[in-house]
Amino acid sequence: MDKEKNEQITFKIQRYNPEKGSEPHFQEFIVTSSRGMTILDGLIYIKENLDSTLAFRTSCRMAICGSCGMLINNYPHLACHTQIEEFHSSRLTIKPLPNLPIIKDLVVDLNPLFETHKSIKPYILRHDDKEMENPTAEFTLSPQGLEAFLQFTYCIKCGICISACPTSASDKFFTGPQALAQCYRYCADTRDEGEMERFSVIDTDHGVWHCHLAGACSEACPKGLDPALAIQLLKRQMVSRTVGLGKKELPASTVPPNTETKPKVPFPDFTVKGSK
Amino acid sequence: MRQVQPRQNNLGIGGWIWAGNYKLERYLYILHRVTGLGILLFLLIHLTMTTVFRIQGQETWEATMSILHNPWFKFGEYLVVVALIYHALNGLRLILQELGFLMGKPTPPIYPYRDSLRKKRRWTMAMIGIIIILCLVFFYDFISGGW
């Protein structure tokens, strides 16, 4: 697509309005696209100029918030992160993310995702309640310890992995790649000791063992998170604990208080009016 | 304000049968399930034949065998062998990878992203290579045995 040449792109969008009680149907819009234009730009153009009733969710427009996940030409993408040009087609079919309930048009209900995410306790769990309630210092974390889970902390909870997962398609009670990857993120954290509490949640018929490694979640993830890797490492960790292999290390202790205190940097005079 | 329940949108069985633009492992996943079901179906037919038909006497048994001695059933038998080879070797790959072997370690996601399955695809390709060789060997065996 030349910079000067503007192409006419047909957006075939799935519409669904529960208040009118109609079945999902398709509606076509013609959008003039230019170089660098994203799918989201096209949708915003439609909403502003062609049909203001079109519903879609968006916020940051830079693949940070995870709001605009949708099925574009039968593959889940973030609309803000996908350029029209990528498809080399003058016709785009846009549907809401599958395997998540539809609220309206392209807006899906992410509550099932948030609920399963909450169920795996996505926070540091420790047995020393005293320290947790009244923290005296931060827990130590080595650079190597951080590397073991850093990749999995970039999850933006967009739901794309769930819509790509063939197991989530056929089992709506499946914990899902998002929650399982986050489960591993916390289980691999050296500061955490809540492994057994989380294992009891995911060691079920609809839990971690229902992942059959299709790898679609990792392929589709817009943040390069690799949930499939996290899930397999989680299985490995669970098997290791069950058969007694792999030493469980003690959770990281708190950082010893710093004895050397640096002199306080004087407050700059020029920023605060009237300071001495 | 009227409360409206969200509409369920699970793809169901169609969601695992249709892989669309996804890559190799997604197709291997479908094939693994399909071959598993095929082997199960064969086992049920095989058990029915060797038990129910057999106890009905020599005549029934021989009549069944004469039906089975035709090239189409031989080809069907070959497909069962192919399904068994695929299911066994892909199953072995899955066991190893699901236990965290041949998967690599977490790495910082730097664009363009490459997931661990793509990074370690040579193992998958090696598995496919072995499957093809075994299928050819068994094909030769079936051909030389006479259809």
Side-chain angles (χ1 to χ4, degrees), chain A residues 16 18-19 21 24 73-75 95-104 107-109 111 147-152 154 163-172 188 209 211-237 239-240, chain B residues 1-34 36 87 90-121 123-124:
Chain A
Y16 169 66
E19 292 190 334
N73 280 4
N74 280 319
Y75 199 91
K95 292 191 227 172
L97 287 179
N99 308 334
L100 289 162
I102 311 171
I103 295 176
K104 193 187 174 192
V107 181
V108 290
D109 184 8
N111 274 324
E147 261 179 34
F149 66 83
L150 181 65
Q151 183 178 14
F152 311 120
Y154 294 110
S163 64
C165 175
T167 306
S168 293
S170 48
D171 175 12
K172 63 178 175 180
W209 307 111
C211 164
H212 300 310
L213 194 51
C217 53
S218 295
E219 244 186 86
C221 178
K223 302 299 282 182
L225 202 79
D226 209 347
L229 172 65
I231 299 169
Q232 308 331 306
L233 293 175
L234 183 63
K235 287 177 190 168
R236 183 196 183 108
Q237 201 174 32
V239 172
S240 301
Chain B
M1 197 176 72
R2 194 156 70 95
Q3 288 288 316
V4 183
Q5 282 295 315
R7 184 191 171 88
Q8 290 304 314
N9 188 30
N10 276 63
L11 292 174
I13 292 171
W16 71 258
I17 287 179
W18 189 83
N21 294 333
Y22 291 100
K23 305 249 165 22
L24 182 66
E25 284 79 8
R26 180 69 178 77
Y27 282 88
L28 297 182
Y29 166 91
I30 302 169
L31 210 52
H32 196 77
R33 286 191 158 190
V34 170
H87 202 80
N90 192 49
L92 197 64
R93 174 186 73 91
L94 287 174
I95 290 170
L96 288 173
Q97 290 194 320
E98 290 196 22
L99 288 174
F101 301 105
L102 317 178
M103 285 294 278
K105 286 180 178 176
T107 47
I110 295 165
Y111 202 80
Y113 307 129
R114 282 178 81 228
D115 59 78
S116 51
L117 285 174
R118 262 183 280 179
K119 279 186 220 159
K120 301 283 176 185
R121 187 155 283 161
W123 294 109
T124 313

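Note that the coordinates shown come from a computational prediction; the quantities given were computed from them, not determined experimentally.
In terms of heavy-atom pairs under 4.5 Å with chain A, the best-connected choice from B/Leu24, B/Thr107, B/Ile110 is B/Thr107. Put simply, of B/His32, B/Gln5, B/Arg33, the one with the most heavy-atom pairs under 4.5 Å next to chain A is B/Arg33. Per-residue heavy-atom pair counts under 4.5 Å with chain A were compared for B/Leu117, B/Leu94, B/Asp115, and the maximum is reached by B/Asp115. Note on B/Phe101, B/Tyr27, B/Tyr111: by heavy-atom pairs under 4.5 Å with chain A, the leading option is B/Phe101. With respect to chain B, the highest number of heavy-atom pairs below 4.5 Å among A/His212, A/Glu147, A/Glu219 belongs to A/Glu219. For the options B/Gly15, B/Pro106, B/Gly20, heavy-atom pairs under 4.5 Å to chain A are most numerous at B/Pro106.
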> Given the rule in the side-chain contact (heavy atoms from CB on, under 4.5 Å) test, do A/Asp171 and B/Trp16 qualify, once you have shown the distances and angles that lead to the verdict?
Replying inline: CA-CA 10 Å; A/Asp171 175 12; B/Trp16 71 258; over 6 Å; no
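Contact record, A/Pro222 with B/Tyr113: O-CE1, 3.3 Å, taken as the closest heavy-atom pair. Of all heavy-atom pairs between A/Ala164 and B/Arg26, the closest is O-NE, 4.5 Å. The two atoms that bring B/Pro109 and A/Gly224 nearest to each other are CB-O, 3.3 Å, heavy atoms only. Across every non-hydrogen atom of B/Pro6 and A/Asp109, the tightest pair is CG-OD2, 3.6 Å. The shortest non-hydrogen separation linking A/Pro98 to B/Asn9 is CA-ND2, 3.4 Å. Considering all non-hydrogen atoms of both residues, A/Asn99 and B/Asn10 come closest at OD1-CA, 3.8 Å.
Taking 4.5 Å as the limit, every side-chain heavy atom of A/Arg236 sits out of range of all side-chain heavy atoms of B/Met103. When side chains are defined from C-beta on, B/Arg7 counts as touching A/Pro24, because their heavy atoms get closer than 4.5 Å. Under the 4.5 Å side-chain criterion, counting only non-hydrogen atoms from C-beta, B/Leu99 is in contact with A/Val239.
By the neighbour-count criterion of 12 heavy atoms within 6.0 Å, atom NZ of B/Lys119 is densely surrounded, having more than that number from other residues, nucleotides or ligands. Annotation for B/Lys120: atom NZ counts as buried by contact number, over 12 foreign heavy atoms lying within 6.0 Å. Within a 6.0 Å radius of CD1 in B/Ile17, other residues, nucleotides and ligands contribute more than 12 heavy atoms.
Of the atoms belonging to A/Leu97, it is backbone heavy atoms, and not side-chain ones, that fall under 4.5 Å from chain B. Proximity to chain A (any heavy atom under 4.5 Å) is restricted, for B/Lys105, to the backbone atoms N, CA, C and O.
The CD atom of B/Glu98 sits 3.0 Å away from the NZ atom of A/Lys235 when rounded to the nearest 0.5 Å.
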